[in-house]
**Q** 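I have a structure here, written as structure tokens, and I will follow up with some questions on it.
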Amino acid sequence: MRLTFLGTGTSTGVPSIGCSCETCTSDDPRDKRLRVSVIVEQAGKTVLIDTSSDFRQQALRFGLKRLDAVLITHCHADHIFGLDDIRPLNFRFGALGVYANERAWTDIRRIFKYIFEPSHFGGGLPQILAHTVVPGARFCLGNDLEVTPVEVIHGRLPVMAYRLNDFAYATDLSEIPPKTIELLAELDVLVLDCLRFREHPTHLWVDKALEYVEQLKPRRTFLTHIAHDVKHERDSARLPAGVQWAYDGLEVRG
Ligand SMILES: [Zn+2]
Ligand SMILES: [Zn+2]
Ligand SMILES: [Zn+2]
């Protein structure tokens, strides 16, 4: 299994427009963060988690050739606004399976109304095979990739995180319910939301994220959805062994 970080930045991206802080003006490529998204590849299947607002740029940078499925965590703009850019893949391979919970589908149908209620002729629309996921209801993509949708809480909003074999991707959350803790046991790799060092009402911050790491005990943890408060090199020493800041382009193999 290979997981590649396409983006690791908070909703504004880093650098943040107009900001001249130490991170936003850094020359270190690890301080340049597009909006959060990952690609997971396993036994010939390629799965994207979230069509971020930077999806087109991310797909070109990654050299994306095809996708077998898209998993959606939730419907905030930074995670979903690239959905229209799956069209070149549709032109070549037809409709694409997209997995999201019921609440996200309600929002997707409203935001992208033109996809579901076409009102004009000509021009290509995204072609989506809509699948509704339910927390704890596992499904398989191909023979060797088992996906378990699990629920986490993002402020007050329940959002989806996904376990893919013994990798898990859990972003945009402030709380992991006990039921989800059970489903995230014995992970090789955990990708976990962590905005910054200071507290935040809808995201994890370092101390809180490390409490969950302590509880879940994954073999390796990568923190994502990172704000400009965090400078990669400067702040890497502030994390314990086995936990690191993710950065755009980072590949993790398992
Ligand atoms: Zn987000
Ligand atoms: Zn800044
Ligand atoms: Zn969000």
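Computed from a predicted structure; not experimentally measured. As the structure lists them, so they are numbered: ligands from 1, and atoms in each ligand from 1. The figures that follow rest on heavy atoms only: side chains count, while hydrogens, waters and symmetry mates do not.
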**Q** Might you work through the side-chain contact (heavy atoms from CB on, under 4.5 Å) test for Tyr212 and Glu175, ending with a clear yes or no?
**A** CA-CA 9 Å; Tyr212 282 125; Glu175 194 192 325; 3.9 Å; yes
**Q** For residues 240-249, which residue pairs pass the side-chain hydrogen bond (donor to acceptor under 3.5 Å, both in side chains) check, not counting sequence neighbours?
**A**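 For residues 240-249: Thr8-Asp248.
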**Q** Is any side-chain heavy atom of Val213 closer than 4.5 Å to one of Pro218?
**A**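 Yes; the side chains approach each other to less than 4.5 Å.
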**Q** How are the rings of His225 and His79 set to each other: parallel, tilted or perpendicular (split at 30° and 60°)?
**A**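 Parallel, since the angle between the ring planes stays under 30°.
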**Q** Checking Thr4 against Glu41 for the side-chain contact (heavy atoms from CB on, under 4.5 Å) test, could you report, in this order, the C-alpha distance in whole Å, the side-chain angles of both residues, the deciding distance, and whether it holds?
**A** CA-CA 8 Å; Thr4 307; Glu41 295 161 286; 4.2 Å; yes
**Q** For the aromatic rings, using the six-membered ring if either is Trp, is the centroid distance between Tyr99 and Tyr162 under 6.0 Å?
**A**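 No.
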**Q** Name each donor-acceptor pair under 3.5 Å that joins a side chain in residues 226-233 to protein atoms two or more places apart or in another chain, with its distance.
**A**
unit_1	atom_1	unit_2	atom_2	d
Asp229	OD2	Arg198	NH2	3.1
Glu233	OE1	Arg30	NH2	3.3

**Q** Please say whether more than 12 non-hydrogen atoms of neighbouring residues, nucleotides or ligands are located less than 6.0 Å from CD in Glu186.
**A**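 For Glu186, atom CD is not crowded (no more than 12 foreign heavy atoms under 6.0 Å).
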**Q** The Zn ion (ligand 1): which protein N, O or S atoms are under 2.8 Å away?
**A**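 Listed by chain and number, the atoms are Asp78 OD2, His79 NE2, Asp172 OD2, His225 NE2.
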**Q** Near the Zn ion (ligand 2), which protein N/O/S atoms are found at less than 2.8 Å?
**A**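 As for protein N, O or S atoms lying under 2.8 Å from the Zn ion (ligand 2), they are Cys19 SG, Cys21 SG, Cys24 SG, His228 ND1.
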**Q** State plainly whether the residues Asp31 and Arg33 are in salt-bridge range, i.e. N to O under 4.0 Å.
**A**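 The answer is yes: the pair qualifies as a salt bridge.
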